[in-house]
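Excluded from the calculations below are hydrogen atoms, water molecules and symmetry mates; all remaining heavy atoms, backbone and side chain alike, are included. One-based numbering, in listed order, for ligands and for the atoms of each.
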Amino acid sequence: MTDKLREFIDNIQLIDQHGHPGFAGYFENFPPENRLIIAIDPYRHPEETSNGFPYLREAHYEAYEKIYGFSRQDINDPGKKDDLVREYDQQRNNLKHLIDKAMDAAGVETLIANSFLHDDLKNKPRIKFIPSVDPLLFPFDNTYLTSRGPLSSSVLAAFTHMLKIIKVKYGFSMKGFTEYLEFVDKVLDNFVEKGAVGFKFFIAYIRSTYCEKVEELEGQLLFERARKGETSAYIRLQDLLVWHIMRKSIDYNLPVQWHFALMDACIEYLDCLNLAEMIRDPIVSKAKIVILHGGYPRYDHAELMALAGGLMPNNIYLDFSGRMVFQNHPRILATTLRKWLEKPALWDKIMYGSDVLWGERYIYVGSKVGRDAVYIALASMIADDIIDENTAMVIARKLLRDNAQKLYKL
Ligand SMILES: [Zn+2]
């Protein structure tokens with residue numbers, strides 16, 4: 001009975017609404033001390049990227065074959081390794097061409113590049129962009145934020161460099177709060193003019209995602225104190241700027257993606273319930289928020305956020321991507337998806353993303369895990385007589401395509 005569903009899912013042209021193609025290449029233009037330490041893309045044997053799952057190992061073999069033309073035999077021949085490393089690097093540096101090959105192999109129609117946009121991806125109709133707006137939050141001395149660990153510090157160093165570039169581009173010199181806010185607005189305007197389909201925050205890498213609602217009237221005083229090095233004022237200023245950008249997103253009618261996923265011991269920073277105040281605020285509750293990676297591994301909190309509002313559906317969306325996908329088995333992911341899908345209110349809110357980070361082959365690997373997991377979750381709901389096959393097909397299309405198309409107005 002479900003063969004029809006399988007075929008239908010395999011033929012859906014995906015919208016991959018969260019990924020970082022050309023991630024490593026983008027940072028190669030930064031001074032070494034300002035590069036993100038996770039922005040690397042070396043050739044790796046499928047065994048190394050399988051996370052212990054034979055399924056993922058096989059998916060990587062397939063991706064190498066279909067995108068890079070590497071045979072299983074060559075991959076497993078130690079004598080060929082140097083050649084493959086060289087060839088891999090060459091293809092990686094020809095991103096304009098490689099991206100099309102990867103997207104075609106994966107059946108991805110549109111990919112929303114996230115946070116940073118590699119030059120080779122500009123003006124490609126199949127690539128959309130969601131810029132990171134985080135650098136705008138950290139205009140002053142950030143030394144107080146540097147003790148969390150090397151990953152966090154490298155994100156901060158990258159933000160610092162990005163803000164420097166933006167300031168030069170806009171000829172901005174630091175005056176007072178009013179001028180700074182005008183600068184922030186100008187940067188956002190420019191992103192939108194250039195076609196951004198949303199904004200992204202990944203402050204969880206360097207500070208808590210809890211932001212107090214601070215009135216803009218306080219801005220001038222906070223700005224002056226923060227400039228002099230007063231940490232508590234600086235944090236409040238960042239909070240104020242986050243709420244400001246959230247309000248701006250409503251004017252632009254663009255969603256804001258928030259990174260929530262476990263990365264170190266600062267677990268309270270990474271909890272999506274930190275945004276709870278925003279969803280009950282009379283104004284900011286109108287902003288559309290995407291909880292990335294379903295708040296890995298706190299899927300129940302993400303679910304709670306998306307269901308909050310009861311009879312009045314709110315504007316919280318759930319992205320399944322990243323470790324939920326590329327380091328996971330589709331049967332495990334299907335269990336998470338099924339739990340979400342048992343609430344019909346979430347059918348219009350769940351969206352697929354590869355979160356491609358360490359090489360374009362992850363676009364393919366993610367698409368395979370994503371399609372398989374959606375199929376397994378829906379087939380199990382059909383088997384349990386919860387939904388029929390036609391309903392399953394509608395839901396599959398929503399998760400893999402329609403919900404993203406609608407939210408990002410593609
Ligand atoms: Zn991401």
Side-chain angles (χ1 to χ4, degrees), residues 14-27 35-41 49 51 95 99 102-103 106 108 110-118 121 127-135 151-152 154-156 158-159 162 191 196-207 209 254-264 266 269-272 275 288-299 302 316-328 333 336 350-367 369-370 400 403-404 407-408:
L14 302 186
I15 293 177
D16 181 348
Q17 52 84 53
H18 169 208
H20 312 272
F23 189 46
Y26 176 85
F27 282 97
R35 287 177 198 166
L36 251 176
I37 53 172
I38 50 166
I40 50 165
D41 179 11
T49 45
N51 200 28
L95 186 60
I99 192 75
M103 287 172 69
V108 172
T110 304
L111 170 61
I112 304 181
N114 191 287
S115 305
F116 320 102
L117 190 61
H118 192 292
L121 301 176
I127 302 289
K128 304 294 172 196
F129 181 44
I130 289 187
S132 152
V133 289
D134 310 85
L151 176 55
S152 181
S154 91
V155 171
L156 192 59
F159 285 170
M162 287 166 74
F191 279 141
V197 295
F199 301 125
K200 160 85 175 271
F201 279 121
F202 63 111
I203 54 170
Y205 277 85
I206 51 179
R207 53 154 280 175
T209 47
L254 289 179
V256 184
Q257 296 184 336
W258 280 76
H259 167 93
F260 289 108
L262 186 68
M263 48 165 288
D264 62 14
C266 293
Y269 290 7
L270 302 149
D271 190 339
C272 62
L275 303 191
K288 293 169 183 150
I289 294 173
V290 185
I291 296 175
L292 296 183
H293 333 104
Y296 172 90
R298 240 183 226 131
Y299 308 129
I316 304 286
Y317 294 79
L318 303 172
D319 144 276
F320 64 102
S321 72
R323 271 171 291 174
M324 285 180 91
V325 171
F326 62 63
Q327 289 186 345
N328 209 355
L333 174 57
T336 309
I350 306 169
M351 299 177 296
Y352 164 75
S354 63
D355 203 5
V356 44
L357 272 175
W358 301 299
E360 281 54 52
R361 67 193 181 283
Y362 283 89
I363 295 169
Y364 179 85
V365 173
S367 75
V369 179
L400 295 170
N403 290 346
L407 180 67
Y408 302 102

Phe326 and its ring pair (Phe, Tyr, Trp, His ring centres under 6.0 Å) partner, picked from Trp358, Phe320, Tyr352: Trp358

Parallel, tilted or perpendicular: ring planes of Phe23 versus His20, cut at 30 and 60 degrees: tilted

All side-chain contact (heavy atoms from CB on, under 4.5 Å) counterparts of Phe129, not counting sequence neighbours: Ala113, Leu117, Pro131

Heteroatoms of the protein, restricted to N/O/S, which lie under 2.8 Å from the Zn ion (ligand 1): His18 NE2, His20 NE2, Asp355 OD1

From Phe201, Tyr205, Tyr296, residue fulfilling ring pair (Phe, Tyr, Trp, His ring centres under 6.0 Å) relative to His259: Tyr205

ring-ring contact (aromatic ring centres under 6.0 Å, His included) against Tyr269, all qualifying residues, sequence neighbours excluded: none

Residues which pass side-chain contact (heavy atoms from CB on, under 4.5 Å) with Ala102, listed by chain and number, not counting sequence neighbours: Ile67, Glu360, Ile363

